[in-house]
Amino acid sequence: MPAPPPVADPAGRGVSLTNIQRDPEKEARERPLDFGLIRRLLRYTQPHARKRNWLLLTVFLRAIQLPLVAWTIGAVINGPIAQGAPFPTIVLGALGLLLLAAWTNFNFHFRQRLALELGETIVHDLQQQIFRHLQAMPLGWYNRTKIGRIISRVTSDCEAMRVGVQDVLFVTLVGAGQMLVSAGLMLYYDRVMFLVVLAMTPVMWGLNRYFRKRLSRAYRAIQESFSRITGTLAESVTGIRVTQGFVRQELNATLFGDLLRDHARYNMSAQRTAGVFLPLLETNAQLFIAALLLIGGYRVLYAEPGMAPGDLIQFFFLANIFFSPIQMLGNQYNQALTAMAGAERVFQLIDTPPDWTDSATARPLPAVRGEVTFERVTFAYQPDRPVLHAVDFRIAPGQTVALVGHTGSGKTTIISLLARFYLAQEGRVLIDGHDLREVTGNSLHHQMGLVLQQNFLFTGTVRENIRVGRPGATDAEIAEAARQLDCLDLFEKLSEGFDTVVGERGAKLSLGQRQLVCFTRAMLADPRILILDEATSAIDTLTELRIQKALTRLLAGRTSFVVAHRLSTIRHADVVLVLDQGHLVERGTHNELLTLGGKYSELCRSFIESPEGRAATDIAPSPTASAAGC
């Protein structure tokens with residue numbers, strides 16, 4: 001079938017996957033050199049001062065050794081060979097050169113090794129500091145921050161800083177020292193020839209800098225183009241059902257072909273730039289050699305006082321050592337700018353204070369009975385846009401509370417405030433009369449169990465994920481928790497029982513199995529306050545019926561807050577709180593609220609008339625359900 005015409009944006013430009021969309025929040029890849037950032041980064045070497053000092057010594061020796069090797073080669077040629085010395089003398093000169101070369105390579109080995117170790121150690125310390133800082137950040141910060149950027153701070157930005165320390169810093173010191181020592185020796189041999197070398201230096205540096213910038217932009221465009229190709233390919237594979245269902249094979253193939261041509265164009269652009277740069281650099285090197293030969297030959301043959309041929313040879317060796325770091329220093333400069341950008345972002349994260357922490361007067365929460373009170377609580381995720389309005393209620397110890405309302409009514413916000421993932425802007429949240437602002441977070445969470453909507457599992461085994469609820473629990477205690485929930489046999493039927501690997505985010509388990517792991521984790525923790533955020537929504541009806549009795553046993557004697565859409569859970573609640581657009585509009589038991597005929601009755605009727613509600617009613621009919629209202 002013919003492909004549909006390209007969609008045009010309001011400005012009249014064609015829109016396709018090959019268009020580079022500018023991200024207004026795109027982060028800078030490079031940053032000018034900032035000596036404040038450099039000093040702060042170098043402070044991370046202080047705990048490893050001994051290794052750093054040995055590394056600086058090897059850097060100093062390396063900077064001297066390379067010019068000395070070149071000088072020694074010239075000295076052997078200019079001395080024993082040019083003067084016709086006996087062969088054993090030439091052999092001694094060659095042996096001396098070999099010893100110097102061996103010492104140079106020995107020192108080079110330890111310079112690289114110490115630089116790698118120091119860079120890796122600094123990155124290890126940085127990543128540990130970042131991770132500890134991330135663990136202290138409240139949930140609100142994570143909601144405002146893209147997860148990709150958090151990961152890039154710990155990975156790519158820290159990697160850029162590692163390169164900045166182990167490569168840029170010490171390689172630059174070696175290259176700069178090598179040029180200074182070579183310049184000093186050349187100046188000692190012949191000032192006029194040295195002026196020629198000095199005049200060529202800015203030309204070589206300028207060419208290298210100009211083309212390196214162009215190549216850097218070209219390679220960056222190639223990388224971004226390749227990312228679009230891989231992203232589109234992954235999307236096409238995972239969305240193949242939609243592609244085939246809407247007969248988009250030809251259109252997608254055309255768009256993917258555009259991406260490939262786009263990528264090829266960037267590759268050709270980079271190769272054309274490199275094709276100009278490298279021959280031009282080689283031509284300049286040849287012109288420099290010709291200039292040195294012309295001026296050096298004149299000084300050897302005609303100048304007074306003349307220059308010895310051996311000195312000219314030594315000068316050539318030293319000039320080669322002088323110019324060899326220029327291209328490398330250009331590369332290191334580009335990497336330094338990238339390291340500066342990474343360091344700025346990493347230190348910005350480290351310097352970001354949490355929105356709130358335990359107050360200086362916070363005390364550990366004593367063992368609680370489970371009384372929960374909300375006193376005129378108002379909360380907003382964004383200023384001037386409250387999602388809870390003066391919510392006021394009291395729950396007695398051991399009661400089960402069902403939070404009911406449309407999506408966005410404030411149910412999850414209430415349990416987030418109870419778990420102290422956020423702090424209310426107005427009002428107070430109290431447990432057994434203790435204001436949550438005045439207790440330590442760890443002491444609160446040790447007495448609270450969570451079964452969240454996402455059913456999050458860590459990479460590892462079923463046993464390890466259940467043990468998250470109580471790290472010191474024995475295998476027998478884990479099995480007993482599963483037995484109380486009447487799901488022990490389901491875990492034992494897994495391929496490796498409790499030792500079955502769940503995969504990333506529990507991908508190897510079904511939704512129901514992941515839910516049961518989270519239930520068992522909560523049972524093992526034995527909390528005084530239990531929070532179930534739509535906990536039964538991921539379990540099929542038959543599985544729900546099986547664990548309903550065990551779940552009732554889990555809730556018994558605990559203060560429990562349940563956010564659920566299933567009547568089988570809500571009917572047994574001691575208190576139902578009905579929320580609407582952040583306001584607490586009704587409270588009471590299931591039967592009381594049905595009799596009231598208000599918002600809850602309307603929600604219940606809508607549920608019963610839905611396909612899910614009819615299925616649930618057919619399997620587990622309620623004596624309170626009727627055509628008039630549940």
Side-chain angles (χ1 to χ4, degrees), residues 123-124 127-128 130-132 134-135 139 142 146-148 150-156 158-159 230-231 233-241 419 445-446 448-527 530-548 550-551 553-554:
V123 167
H124 174 270
Q127 290 174 331
Q128 286 278 63
I130 294 171
F131 188 80
R132 285 194 298 269
L134 290 175
Q135 299 301 296
L139 195 61
Y142 286 96
K146 294 180 179 179
I147 187 171
I150 298 174
I151 294 173
S152 70
R153 297 298 170 270
V154 186
T155 54
S156 58
C158 280
E159 176 65 17
T230 55
L233 182 60
E235 190 177 62
S236 298
V237 172
T238 55
I240 190 64
R241 292 184 180 180
H445 296 142
H446 279 313
M448 185 173 290
L450 299 172
V451 180
L452 299 177
Q453 183 178 8
Q454 291 81 6
N455 303 323
F456 185 85
L457 299 183
F458 296 93
T459 301
T461 64
V462 171
R463 189 189 312 278
E464 290 167 343
N465 273 279
I466 294 175
R467 193 171 272 140
V468 168
R470 183 150 53 94
T474 64
D475 292 348
E477 289 171 329
I478 293 173
E480 178 59 27
R483 185 178 294 107
Q484 291 180 25
L485 287 178
D486 193 26
C487 59
L488 178 61
D489 59 319
L490 296 178
F491 291 134
E492 290 176 339
K493 289 178 180 177
L494 295 174
S495 58
E496 301 293 334
F498 281 101
D499 294 318
T500 300
V501 176
V502 302
E504 185 177 1
R505 301 176 66 90
K508 294 184 179 180
L509 301 182
S510 68
L511 291 176
Q513 289 169 333
R514 293 203 295 269
Q515 185 74 77
L516 289 172
V517 171
C518 293
F519 273 24
T520 310
R521 176 196 293 168
M523 173 68 83
L524 182 67
D526 192 23
L530 185 66
I531 294 174
L532 306 177
D533 186 356
E534 299 186 344
T536 59
S537 58
I539 299 179
D540 63 84
T541 307
L542 293 177
T543 304
E544 180 186 351
L545 289 174
R546 179 174 181 181
I547 70 169
Q548 190 65 51
L551 185 57
R553 198 177 312 128
L554 171 64

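Side chains are part of it too, since the values below use all heavy atoms of this structure and drop only hydrogens, waters and symmetry mates.
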Worked verdict on L134 versus R153 for side chain to side chain contact (heavy atoms under 4.5 Å, CB included): CA-CA 11 Å; L134 290 175; R153 297 298 170 270; over 6 Å; no
By the definition side-chain contact (heavy atoms from CB on, under 4.5 Å), identify the one residue from N465, L457, V462 that meets it with R514. L457
Distance check, rounded to the nearest 0.5 Å: C518 atom SG versus M523 atom CE? 14.0 Å
V451 vs F519 side-chain heavy atoms within contact, under 4.5 Å: yes
Heavy-atom nearest pair, A525 first then G469, reads CB-O, 3.4 Å
Could you tell me if the side chain of Q513 sits less than 4.5 Å from the side chain of L494, heavy atoms only? yes
Side-chain contact, heavy-atom cut-off 4.5 Å: V502 with V517? no
Checking E480 against R483 for the salt bridge (charged side-chain N to carboxylate O under 4.0 Å, His left out) test, could you report, in this order, the C-alpha distance in whole Å, the side-chain angles of both residues, the deciding distance, and whether it holds? CA-CA 5 Å; E480 178 59 27; R483 185 178 294 107; 2.7 Å; yes
F491/T500 under side chain to side chain contact (heavy atoms under 4.5 Å, CB included): CA gap, chis, key distance, verdict: CA-CA 9 Å; F491 291 134; T500 300; over 6 Å; no
Of all the heavy-atom pairs spanning L450 and A419, show the shortest one and how long it is. CD2-CB, 4.5 Å
Working to the nearest 0.5 angstrom, can you tell me the gap between T520 OG1 and Q515 CD? 10.0 Å
Find the distance between CZ (R521) and CG (L485) and round it off to the nearest 0.5 Å. 13.0 Å
Heavy-atom closest contact (A522 atom, P527 atom, distance): O-CD, 3.3 Å
Can you name the closest pair of heavy atoms from T155 and I151 and give their distance? OG1-O, 2.7 Å
Take D526 and R470, measure what side chain to side chain contact (heavy atoms under 4.5 Å, CB included) needs, and give me the verdict at the end. CA-CA 9 Å; D526 192 23; R470 183 150 53 94; 5.7 Å; no
For I478 and I466 the tightest heavy-atom approach is CG2-CG2, 3.8 Å
Shortest non-hydrogen contact between A479 and L488, atoms and distance: O-CD1, 4.0 Å
Could you check F131 against Q135 for side chain to side chain contact (heavy atoms under 4.5 Å, CB included), going step by step and ending with a plain yes or no? CA-CA 6 Å; F131 188 80; Q135 299 301 296; 3.3 Å; yes
By salt bridge (Lys or Arg N to Asp or Glu O under 4.0 Å) - contacts of R463 (at least two apart): D475, D499
